[in-house]
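In what follows, a structure is listed as structure tokens, so that the remarks can point back to it.
All values reported here derive from a predicted model rather than from experimental measurement. Values reported hereafter were calculated over all heavy atoms of this structure, with side chains retained and with hydrogens, waters and symmetry mates removed.
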Amino acid sequence: MIAYIKGQLEMTGPDYIVVENNGMGYQIFIPVSSLQRLPQRGNMVKIYTYLYVREDNLCLYGFLTRDDLNIFKLLITVNGIGPKGALGILSAISPDDLRFAVLAGDVKTISKAPGIGSKTAQKLILELKDKLSLEDALENDAAADSLPEGSGSSDSKNEAILAMVALGYSQTQALQAIRQCEITEDMGSDAILKMALKKILTL
């Protein structure tokens, strides 16, 4: 298994890149949304990869973060979604937004991905809901905020989300609003809730 490839970005295509490493060029299929986040050609890149092997097919799928790769691996466990379908989903929906949609049972958001109808979206939600949690959805935010592990921020976020759901907002709306807030370690759930309610009007 190839965990990642680090090398020079030689070429970009509509849905793939070519990375040169030790004189070999690796064609790697990536989400279209990742193309905009790549450096200029000729610069070094590190791509986390998944090697898809079938009797008549051998492809490398690549991602800029381990989190993207992990979500991809979860998606291809869903019956009826192959690597190309999973790549299409991640091209249309970010991993965090996909988490929020799955946790909230948001069929409409998932159905925006190419080739994903409402029935497939419902199946995806059903099969992945138990594999994701609210804590997973908030983990990246906590890391981005560089808050110390074990701080009260995560608990306060959870309480604020539950309060917003009780007020009639969907979990997706609550999560997205809280992601827009600048939350400090010492903020309580009430302060987060007030800030999120203001943010939700702009979403």
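- I2 is linked by a side-chain contact (heavy atoms from CB on, under 4.5 Å) to I5, T49, L60, counting only residues two or more places apart in sequence or in another chain.
- Contact record, I47 with G62: CG2-CA, 3.5 Å, taken as the closest heavy-atom pair.
- Closest approach of A101 to I125, counting heavy atoms only: O-CD1, 4.4 Å.
- Rounded to the nearest 0.5 Å, atoms CD (E55) and CG (L58) are 12.5 Å apart.
- Linking Ile, Leu, Val, Met, Phe, Trp and Tyr residues whenever their side-chain heavy atoms come within less than 4.5 Å leaves L126 and I76 in two separate clusters.
- Atoms CE and CD, on M195 and Q180 in that order, are 12.0 Å from each other to the nearest 0.5 Å.
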Intermediate values then yes/no, side-chain contact (heavy atoms from CB on, under 4.5 Å), V32 and L90: CA-CA 8 Å; V32 174; L90 289 174; over 6 Å; no
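- Every pair passing side chain to side chain donor-acceptor pair (under 3.5 Å) that includes a residue from residues 4-22 is listed here, sequence neighbours excluded: Q8-E10.
- Applying the side-chain hydrogen bond (donor to acceptor under 3.5 Å, both in side chains) criterion to D97, with sequence neighbours excluded, gives S94, R179.
- For residues 107-131, the set of pairs meeting the ring pair (Phe, Tyr, Trp, His ring centres under 6.0 Å) definition, not counting sequence neighbours, is empty.
- Put simply, the side chain of N70 gets close to the backbone of R66: a donor and an acceptor are under 3.5 Å apart.
- Partners of A121 under the side-chain contact (heavy atoms from CB on, under 4.5 Å) rule, at least two apart in sequence or in another chain, are V107, I110, S111, I116.
- When each of L98, V78, T120 is paired with I89, the side chain to side chain contact (heavy atoms under 4.5 Å, CB included) condition holds for L98 and for no other.
- In this structure the side chain of N43 never reaches within 4.5 angstrom of the side chain of L38, judged on heavy atoms.
- At most 12 heavy atoms of other shown residues, nucleotides or ligands fall within 6.0 angstrom of atom CE in M24.
- In terms of heavy atoms, A163 sits closest to L193 at CB-CD2, 3.9 Å.
- Remark: D186 pairs with T184 by the side-chain hydrogen bond (donor to acceptor under 3.5 Å, both in side chains) rule, at least two apart or across chains.
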Worked check of side-chain contact (heavy atoms from CB on, under 4.5 Å) between L51 and V53: CA-CA 6 Å; L51 180 62; V53 181; 3.8 Å; yes
Worked verdict on L124 versus L75 for side-chain contact (heavy atoms from CB on, under 4.5 Å): CA-CA 8 Å; L124 188 155; L75 285 171; 3.6 Å; yes
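- Residues E127 and T77 share a closest heavy-atom pair of OE1-O, 3.8 Å.
- In this structure A196 satisfies the side-chain contact (heavy atoms from CB on, under 4.5 Å) test together with M164, A177, I178, C181, sequence neighbours excluded.
- When the ring-ring contact (aromatic ring centres under 6.0 Å, His included) test is applied to F72, the partners found at least two apart in sequence or on another chain are Y50, Y61, F63.
- For residues 76-94, there are no salt bridge (Lys or Arg N to Asp or Glu O under 4.0 Å) pairs, not counting sequence neighbours.
- In this structure, K73 does not pair ionically with D68, as no charged nitrogen and carboxylate oxygen lie closer than 4.0 Å.
- Separating the NZ atom in K157 from the CE atom in M187 is a distance of 10.0 Å, to the nearest 0.5 Å.
- Partners of S189 by side-chain hydrogen bond (donor to acceptor under 3.5 Å, both in side chains), not counting sequence neighbours, listed by chain and number: E159.
- Every side-chain contact (heavy atoms from CB on, under 4.5 Å) that S34 has, sequence neighbours left out, goes to I30, P31, R37, L64.
- Using a 4.5 Å heavy-atom cutoff, the side chains of I17 and V19 are in contact.
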Full working for side-chain contact (heavy atoms from CB on, under 4.5 Å) between L74 and K131: CA-CA 8 Å; L74 279 178; K131 298 178 182 179; 3.8 Å; yes
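- Among pairs with a residue in residues 103-123, none fulfils salt bridge (Lys or Arg N to Asp or Glu O under 4.0 Å), at least two apart in sequence or across chains.
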